[in-house]
Each structure stands twice: as structure tokens, then as C-alpha cells.
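First up is the structure itself, then whatever we jot down about it.
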Amino acid sequence: QVQLVESGGGLVQTGGSLRLSCATSGRTFSRYAMGWFRQAPGKERGFVAAIDWSGGRPSYADSVKGRFTISRDNAKNTVSLQMNSLKPEDTAVYYCATQRLAFGLGSGRSGEYDFWGQGTQVTVSS
């Protein structure tokens with residue numbers, strides 16, 4: 001059984017930082033690309049960042065480039081998202097997901113991910 005558990009969300013002021021983590025189990029983590037997505041109230045779930053199976057090829061949504069950094073630790077089966085210079089528009093529930101095909105490069109398309117965490121709330125106050 002594949003499980004993904006996010007942590008690290010919370011309330012932060014504009015300009016602040018948070019670090020999200022996603023712990024995984026039930027799959028050979030090091031073989032799969034990972035992604036972060038987010039969903040704000042009344043909006044569809046959207047891509048934030050992805051990283052390939054080996055930890056290379058990070059990709060980001062334009063809205064977070066230069067502020068967010070995705071990384072992974074294959075020894076600990078975790079993927080992280082460092083979020084700096086947070087803005088109120090970053091407020092959302094953040095989800096991690098694992099890409100369906102092994103040895104993938106990561107993707108911005110949610111349909112390419114088959115397992116998802118339960119999400120962690122990030123709220124940025126103005």
C-alpha cells in the first residue's frame with residue numbers, strides 16, 4: 001500500500017518561509033518522480049513543482065520560480081518543498097504525488113500521478 005504524508009504547513013506572514021515535507025512508503029521511492037500541487041478555495045488543483053526520480057530536472061510553475069525549491073532524499077524516502085518569499089496568493093492546500101511510471105522525469109500534469117497525500121494547509125496572511 002502506497003502512502004504519502006505531507007507535513008510542514010501552517011500560517012505565515014507575507015514574505016515568510018515554510019518547508020513542506022512528504023514522507024512516502026509502500027513503493028520504491030527512488031524509482032519515481034515526485035510532484036507538488038496545490039489547490040486554493042474555489043480553484044482547480046494546479047502544478048507547483050516536480051523533480052525526477054534521481055533528484056535532477058526540477059521544474060516549477062512560473063508563479064513560484066525563484067521562490068520555491070523542490071528536493072528529495074532517496075535514502076529517507078522524502079521529498080521537500082522549500083517555500084520562500086511567500087505571498088497571500090500561495091495560500092492553498094498543498095499535495096505531494098508520485099508519478100505513475102517508473103524513472104519518469106516529472107510532469108506538470110496531475111493525471112500522470114497515481115498516488116497522492118492528504119494535503120497540508122498553507123495560509124499566508126497579508
Side-chain angles (χ1 to χ4, degrees):
Q1 182 180 0
V2 179
Q3 290 189 320
L4 291 79
V5 179
E6 302 97 336
S7 61
L11 174 64
V12 64
Q13 291 185 334
T14 296
S17 298
L18 283 174
R19 185 177 180 86
L20 305 183
S21 293
C22 173
T24 73
S25 61
R27 172 176 274 187
T28 305
F29 176 77
S30 60
R31 295 180 182 178
Y32 294 89
M34 298 295 295
W36 285 96
F37 292 76
R38 65 186 180 186
Q39 187 168 20
K43 295 187 177 181
E44 293 186 353
R45 190 174 300 187
F47 171 70
V48 176
I51 191 166
D52 79 3
W53 63 278
S54 69
R57 296 180 179 263
S59 58
Y60 300 94
D62 288 343
S63 59
V64 306
K65 278 181 183 176
R67 300 188 298 122
F68 290 13
T69 302
I70 188 171
S71 61
R72 67 188 294 158
D73 185 336
N74 284 348
K76 296 182 178 179
N77 294 346
T78 60
V79 61
S80 298
L81 185 68
Q82 178 66 42
M83 305 186 296
N84 298 330
S85 303
L86 283 162
K87 306 175 182 179
E89 51 263 45
D90 295 318
T91 294
V93 177
Y94 284 71
Y95 300 88
C96 65
T98 178
Q99 196 171 17
R100 179 175 295 105
L101 296 179
F103 304 110
L105 301 179
S107 170
R109 293 185 289 271
S110 60
E112 294 193 20
Y113 296 81
D114 55 353
F115 291 100
W116 296 77
Q118 83 289 347
T120 186
Q121 176 71 48
V122 171
T123 303
V124 185
S125 64
S126 56

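- Side-chain contact between Q118 and E6: present, with at least one pair of heavy atoms (C-beta onward) separated by less than 4.5 Å.
- Hydrophobic clustering of Ile, Leu, Val, Met, Phe, Trp and Tyr side chains at less than 4.5 Å, counting indirect connections, unites V2 with I51.
- Using a 4.5 Å heavy-atom cutoff, the side chains of Y95 and V48 are not in contact.
- Within the structure, ring pair (Phe, Tyr, Trp, His ring centres under 6.0 Å) pairs that include any residue of residues 37-64 comprise F37-F47, F37-Y113, F37-W116, W53-F103 (at least two apart or interchain).
- The hydrophobic cluster analysis finds L101 isolated: no Ile, Leu, Val, Met, Phe, Trp or Tyr side chain comes under 4.5 Å of it, directly or through other members.
- Tested against M83 for a side chain to side chain contact (heavy atoms under 4.5 Å, CB included), the candidates V12, L20, T69 yield a single pass: L20.
- Annotation: R57, atom CZ; neighbour count of heavy atoms from other residues, nucleotides and ligands within 6.0 Å does not exceed 12.
- Both L81 and F115 belong to a common hydrophobic cluster when Ile, Leu, Val, Met, Phe, Trp and Tyr are linked at side-chain heavy-atom distances under 4.5 angstrom.
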Exercise for the section: With side chain to side chain donor-acceptor pair (under 3.5 Å) as the test, would you mind laying out the steps for E112 and S110 before giving the verdict? Expected result: CA-CA 5 Å; E112 294 193 20; S110 60; over 6 Å; no
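- Between K87 and D90 there is no salt bridge, since none of the side-chain N atoms of the basic residue sits less than 4.0 Å from a carboxylate O of the acidic one.
- Taking the ring axis of F29 as reference, the NZ or CZ atom of R72 stays within 45° of it and closer than 6.0 Å to the ring centre.
- By the 6.0 Å contact criterion, CZ on R31 is open, its count of non-hydrogen atoms from other residues, nucleotides or ligands being 12 or less.
- Of the possible donor and acceptor atoms, none in the side chain of S80 sits under 3.5 Å from a partner among the backbone N and O of S21.
- Of the N and O atoms on the side chains of N84 and S17, at least one donor lies less than 3.5 Å from an acceptor on the other residue.
- Using modelled atom types, one side-chain atom of Q99 and one backbone atom of G106 make a donor-acceptor pair closer than 3.5 Å.
- The salt bridge (Lys or Arg N to Asp or Glu O under 4.0 Å) contacts involving residues 73-82 comprise nothing, where partners must be two or more places apart or lie in separate chains.
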